[in-house]
Amino acid sequence: MRADRAILFKLATNERLEQLVKGIPGGEENAWRAASRYVAGRTRDEALQVAAAQVAKGHGISVDLFGEMSTDPADAAHVVDEYLELAKLLPEPPADVWLSLDLSHLALDVDPATAADHVATIAEALPPGRLLQIGAEDTARTDKILHCVLDVASRGLADRIGATVQANLQRSPDDIDALTAAGVQIRLVKGAYVEPTGAYPYGEQTDIAYLRLAHQLAASKARWSLATHDGRLREAVLLSAGPVPVEQLLGIRPEVLDDLHTRDLPTRVYIPYGPSWFRYWLRRLAESRGA
């Protein structure tokens, strides 16, 4: 199962595979039919329609123009423009609406300082009470992501930025301490990437790490949320830590969030959109293998 997962993650970053599939007659249409369960749309307008529907059901949302591994500063500037426009068009408060972003979409790898400036620009455009939630990426970028988040938080924007912590990374207890001290909201996930070192294997060790980190967060009085589709882990944390907000991905067991909402637990749906849907879809397939 681990080998299947690693292969699918490698394919998810393979531009040639995407071109081949889309070049086959009917290939793109068939792939989109499968992917559309997890993706809000290929355009902003489609994503806004899905966002409004989730808000109407009583869920919070976090909207993401999906993309990653950009090395072009000009593309990063266009991404910022899209996020600034998106911030204007999202449902008005009191709707519980956040934005999400992967920092490599802002050319983090080639210019970390400018990426931090871009994050600050987007965060400043959000009304009070809304967050820009920074996604987790592979461990080679974890230090850069942490430094960027802490930099932006130090600019007086800690109340408008969130970070994602991966339970399978052995460094995560220290990262939680740093983020909590900075006043940053924390989203706890199991961890989706197949890492060569510095990570627990999927299964019992990662599950135990998740529980320990959840209790670390609860004891710290941090602002945090559970982001998992593992019902046993979720319920174990809720029983011990109380009514912690729960986040899930669009299209995966939506009935669970509906049930949590009826239990008066805060819920949030991650809503990705954009032209990079093909690779995102492959990531969802990879995460379903042996997580």
Side-chain angles (χ1 to χ4, degrees), residues 12 31-68 79-106 119 122-123 125-127 129-137 160-164 185-189 192 225-229 234 245-261 265-288:
W32 172 250
R33 188 177 297 112
S36 60
R37 168 183 173 182
Y38 308 104
V39 182
R42 287 169 277 198
T43 68
R44 184 201 304 148
D45 287 344
E46 291 171 334
L48 289 172
Q49 291 177 15
V50 174
Q54 293 296 330
V55 168
K57 293 175 69 174
H59 302 310
I61 58 173
S62 189
V63 184
D64 186 356
L65 170 61
F66 186 78
E68 59 183 4
V79 171
V80 173
D81 290 342
E82 173 70 13
Y83 270 87
L84 294 178
E85 186 65 21
L86 184 61
K88 297 176 186 176
L89 297 173
L90 290 170
E92 295 289 333
D96 185 9
V97 178
W98 295 356
L99 296 177
S100 287
L101 173 67
D102 284 344
L103 290 184
S104 66
H105 203 182
L106 297 179
V119 171
I122 299 169
L126 296 173
R130 293 192 166 176
L131 296 183
L132 175 61
Q133 193 174 59
I134 303 302
E137 302 188 53
R160 299 193 188 188
I161 192 167
T164 303
Q185 191 271 350
I186 297 172
R187 173 177 176 257
L188 181 62
V189 303
S225 61
L226 297 170
T228 180
H229 300 99
R234 181 189 65 247
V246 177
E247 301 187 30
Q248 290 193 178
L249 301 174
L250 181 70
I252 300 181
R253 301 182 67 191
E255 71 282 358
V256 171
L257 279 188
D258 293 340
D259 175 66
L260 292 169
H261 180 65
L265 289 164
T267 52
R268 187 174 308 280
V269 183
Y270 172 74
I271 297 178
Y273 76 99
S276 295
W277 60 268
F278 184 87
R279 299 181 207 179
Y280 177 79
W281 168 52
L282 288 184
R283 287 188 185 281
R284 298 288 71 76
L285 293 180
E287 287 181 18
S288 70

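Throughout, numbering of the chain's residues begins at 1 and tracks the sequence.
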Separation of Ile134 CD1 from Leu106 CG (nearest 0.5 Å):
7.5 Å
Can you give me the closest heavy-atom contact between Gln133 and Trp98, atom names plus distance?
NE2-CZ3, 3.4 Å
Kindly determine whether Leu250 and Gln54 satisfy side chain to side chain contact (heavy atoms under 4.5 Å, CB included), including the steps that lead there.
CA-CA 10 Å; Leu250 181 70; Gln54 293 296 330; 4.0 Å; yes
Between Gly251 and Arg37 the two heavy atoms that sit nearest each other are O-NE, 2.7 Å
Out of curiosity, Leu226 CG to Arg234 CZ, how far, rounded to the nearest 0.5 Å?
9.0 Å
Val50 and Val269, any side-chain heavy atoms less than 4.5 Å apart:
no
Judged by atom type as modelled, is there a donor-acceptor pair below 3.5 Å linking the side chain of Thr267 to the main-chain atoms of Val246?
no
Distance-minimising heavy-atom pair for Tyr280 and Tyr270
OH-CE2, 3.4 Å
Where do Asp102 and Gly67 come nearest, in terms of heavy atoms and distance?
CB-O, 3.8 Å
In Å, rounded to the nearest 0.5 Å, how long is the span from CG of Leu101 to CD of Glu68?
11.5 Å
Please report the closest heavy-atom contact between Phe66 and Pro272, naming both atoms and the distance.
CB-CB, 4.5 Å
In this structure, CD of Glu85 is separated from NZ of Lys88 (nearest 0.5 Å) by 5.0 Å
Would you mind reporting whether Leu126 and Leu131 have side-chain heavy atoms less than 4.5 Å apart?
no
Quick one: closest heavy-atom pair of Ala95 and Val55, and the distance?
CB-CG1, 3.9 Å
Report the distance from atom OH of Tyr273 to atom CD of Glu82, rounding to the nearest 0.5 Å.
3.5 Å
Go through it in stages, so that I can follow the logic: the residues are Leu48 and Leu86, the test is side chain to side chain contact (heavy atoms under 4.5 Å, CB included), and I'd like the CA-CA distance, side-chain angles, deciding distance and then a yes or no.
CA-CA 9 Å; Leu48 289 172; Leu86 184 61; 4.1 Å; yes
Would you check if Gln248 and Pro254 make a side-chain contact, meaning some heavy-atom pair closer than 4.5 Å?
no
Donor-acceptor pair, Tyr83 side chain versus Leu65 backbone, under 3.5 Å?
yes
Donor-acceptor pair, side chain of Glu247 and main chain of Arg187, under 3.5 angstrom:
no
Where the side chain of Arg268 meets the backbone of Ile61, is there a donor-acceptor pair that is under 3.5 Å apart?
yes
Ring centre gap for Phe278 and Trp281 strictly below 6.0 Å
yes
How far does OG of Ser62 sit from CD1 of Ile271, to the nearest 0.5 angstrom?
8.5 Å
Could you tell me if His59 and Asp258 have a donor-acceptor pair between their side chains, going purely by distance under 3.5 Å?
yes
Mark yes or no for whether His229, through its side chain, and Val256, through its backbone, hold a donor-acceptor pair below 3.5 Å.
no
